[in-house]
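First the structure, in the form of structure tokens, and then the observations on it.
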Amino acid sequence: MKTNAEIAAALDELGDLYELDGAVSYRVIAYRTAAKAVRDSSVSIMGLTREGKVTSVPGIGKTLEEKLRALDETGDIPSAVKLRAKFPAGLVEMTKLPGFGAKRARQLHDALGVDTLEGLRALAEQGEVRKVKGFGPKGEENLLKALAAHEERGGEPEPRVVLSRALPIALEIAEALRAHPASDQVEVAGSARRWGDSVKDIDIIATASDAKALVDTLAGLEIVESVSQSGEAGARAVTHSGMKVDLKVVAPDQFGNVLQHFTGSKAHNVQLREAMVRRGLHISEYGVLDDETGETTRCATEEEVYERLGLPWIPPELREGRGELDAALKGELPQLITLDDMRGDLHCHTTLSDGRNTLEEMVAAAQARGYEYLAITDHSASHGFGNHVTPEQLEARIDEIAALNERLDGFRVLAGTESNILPDGTLDYPDELLERLDWVIGSIHTSFGMDESAMTERMLTAINHPWLDAIGHPTGRKIETRPPYSIDMARVIEAAAANGTMIEINSAPDRRDMNDVYARAAAAAGVTILIDSDAHGAETLANLRYGVATARRAWLTAAQVANTRPLDEFLQLRKRGRSSSATT
DNA sequence: GCCGTTTTCGGCCCGACTGTTTTCAGTCG
């Protein structure tokens, strides 16, 4: 069965092909919207298609339902097959070149008969492209530049950077700008403000008594390599690490409009504007135009922007076009979890396996963060990276932790493990040992290549293990570097909800696994969510903020997350805590 | 191609930039 990612790619491709074919733009947009809806869906779109329910997904109607049926039954969509014969793959690649879209690709194809990037470059070098109507010397030059850049990246799309690399840069720059006496307000906008998994660039919006002074400050920062397009309105900079930074200096009375606009997401803004056009309001980065009065309202704060639209302020993490407008209109926005709600961390490592700090050091760091409890979950007997913990070592660790707890006041260390889920779904410690522990996380670290049904069965077997309390990083993805392994998360969620197994949001910034979409679905299905740092050192306990951010993007409240609870309540939420209320 | 406090047709977000155009189309965020 096709995955949502594969279906989304198929719909995007069909949109590209229809665009090359000259379809009306709204039809093309419909395919792109549908592709996004499929990508954002936590349930299997093919499953819904087979059940005849797929048109309940916003953006998918009768026509697309038919195409999804064909895709399921024949493995392809007939119209895509037909259009691919008409427009070779090279032509679709052309539309992806920066500055080039379907119209210009089609023009070149029709005028020059070219349908590969190599052929196009040859013609551009011979000066043939400038003769095409609509192109000139500049167009040809830009095409050659785009082709060279494309080649340099090996045909890959523009890279995105994991948030944890971009955020410190963004905050450092914002801090430096705030420190300048000419600055007034300085805020990071864009996907960094929405705490997305990764970002393309950094947007900073500011107000200042002297815009030029702010631009100069940016240009003078040590981390900044170069600045271009600098002027009164702002500048674009590139850091030595290759991060693009856009600074916009705006008038104080429209700071709210600009911040709202550049925080996005695009989907959120489009939905917001479409909804407000029906009320005669036109939103732009400059203000809100009222058809009735013909007047444009400028807003100094973002709260005023939303208020002008009759809405409560919407937290940036929710602005992804995933139902937040409806919820805001109905006054049903969730009270999102915050980092301050967290009372413990249930997944970390010590020097016993591959951590950098000792048991005592990790506990001290957790206490310093104001936690009430910490579970020590070193890797298990078959970890396989030379850092495994034998059953004997783990038994000694249990005693060590018991002794440590004797000395601690108002803090509890839980003896745990991050046990490997073996390919057959079993854990790699004897049951008697797992039973003696306070806490067991099961994670998959090997055999990522299993097919979806085998991988799902493997996970379900683990979920049904009586001493497994929680599943760690359930999809195995690494943001921007490794896709998730094939697994039916809908079934995993259903099984976990059925027998009270918790599912983790792993906060390692390149994991954030499960992701926001699955976490929202899991919580809705009644799964108890856990947010863990997976710290391998005292300092990375602080990574929990990335997991909390994912939880916020999943619409979660504190009540839906196990480790916001006081120790006793948390212990009761464990499978073993429910089967016997006794605590060790 | 989707969708509905303008419901089954006729709409569908907003503005900047670029390069080419003699009034604007294409692309981007």
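Chain letters run A, B, ... following the sequence lines, proteins first and then strands; every chain starts at 1.
The phosphate of B:dG1 (OP1 or OP2) has a side-chain N or O of A:Lys67 nearer than 4.0 angstrom. Contact annotation: A:Tyr26 side-chain N/O to B:dG1 OP1/OP2 distance is not under 4.0 Å. Dashed line: the shortest gap from a side-chain N or O of A:Asn142 to OP1 or OP2 of B:dT18 is not under 4.0 Å. Remark: A:Thr33 is not in phosphate contact with B:dC2, judged by side-chain N or O atoms under 4.0 Å from OP1 or OP2.
If you take atom C1' in B:dC14 and the same atom in B:dT7, they sit 26 Å apart, rounded to whole Å. Using P as the reference atom, B:dG15 and B:dT20 are 26 Å apart when rounded to the nearest Å. Rounded to the nearest Å, the gap between the P atom of B:dG11 and that of B:dA16 is 26 Å. Straight-line distance between the C1' atoms of B:dT18 and B:dT23: roughly 15 Å, to the nearest whole Å. Taking atom P on both nucleotides, B:dT6 is separated from B:dC2 by 22 Å, rounded to a whole Å. Nucleotides B:dT5 and B:dG1, compared at atom P, are 23 Å apart to the nearest Å. Rounded to whole Å, the separation between the C1' atoms of B:dG26 and B:dT21 comes to 12 Å.
Taking the six-membered ring where tryptophan is involved, the planes of A:Tyr18 and A:Tyr31 are tilted, since the angle between them lies from 30° to 60°. Taking the six-membered ring for Trp and thresholds of 30 and 60 degrees, A:Trp195 and A:Tyr546 have ring planes more than 60 degrees apart, a perpendicular arrangement.
Distances were taken from every side-chain heavy atom of A:Val277 (C-beta onward) to each of B:dG1, B:dC14, B:dG29; the shortest belongs to B:dC14. You'll find that the side chain of A:Ser284 is closest to B:dG15, out of B:dG1, B:dG15, B:dG26. Closest to the side chain of A:Tyr286, from the set B:dG19, B:dA16, B:dG26, is B:dA16. Nearest nucleotide to the A:Lys138 side chain, out of B:dG29, B:dG19, B:dG1: B:dG19. The A:Lys103 side chain lies nearest to B:dG26 when the options are B:dG1, B:dC14, B:dG26. Of the candidates B:dG29, B:dC14, B:dG1, the closest approach to any side-chain atom of A:Arg27 belongs to B:dG1.
A:Tyr31 comes within 4.0 angstrom of the backbone, heavy atoms only, and of no base. Within the nucleic acid shown, A:Ile29 has no heavy atom closer than 4.0 Å to any nucleic acid atom. Nucleic acid contact for A:Ala102: sugar-phosphate only, since backbone atoms but no base atoms lie under 4.0 Å from a heavy atom of the residue.
Between the side chains of A:Asn269 and A:Gln260, at least one donor N or O lies within less than 3.5 Å of an accepting N or O. The closest side-chain donor-acceptor pair between A:Lys62 and A:Thr55, if any, does not fall under 3.5 angstrom. Residues A:Arg178 and A:Ser183 have side chains that never bring a donor and an acceptor to within less than 3.5 angstrom of each other.
The backbone N or O of A:Ala23 sits nowhere less than 3.5 Å from a side-chain atom of A:Asp21 that would complete a donor-acceptor pair.
Look at CG on A:Leu325: it is 15 Å from P on B:dT5, rounded to the nearest Å. Here B:dC14 presents its P atom at 9 Å from CG of A:Leu289, a figure rounded to the nearest Å. Counting to the nearest Å, the C1' atom of B:dT27 and the NZ atom of A:Lys96 are 14 Å from each other. The distance from atom CG of A:Leu144 to atom P of B:dG19 is 14 Å, rounded to the nearest whole Å. Taking atom CZ of A:Arg130 as the reference point, atom C1' of B:dG19 lies 14 Å away to the nearest angstrom. A:Leu272 has its CG atom 14 Å from the P atom of B:dG15, to the nearest Å. Taking atom NZ on A:Lys244 and atom P on B:dC28, their separation rounds to 13 Å, with Å as the unit. Rounded to whole Å, the distance from CE on A:Met276 to P on B:dG11 is 22 Å.
When the nearest nucleotides of DNA chain B are assigned to A:Lys62 and A:Lys133 by heavy-atom distance, the more 5′-ward of the two goes with A:Lys62. When each of A:Ala30 and A:Gly134 is assigned the nucleotide of DNA chain B bearing its nearest heavy atom, the one mapping closer to the 5' terminus is A:Ala30.
Under the Watson-Crick and G-U wobble criteria, each requiring two contacts below 3.5 Å, nucleotide B:dG1 is paired to B:dC12.
Note that the CG atom of A:Asp216 and the NE2 atom of A:His180 stand 8.0 Å from one another [nearest 0.5 Å].
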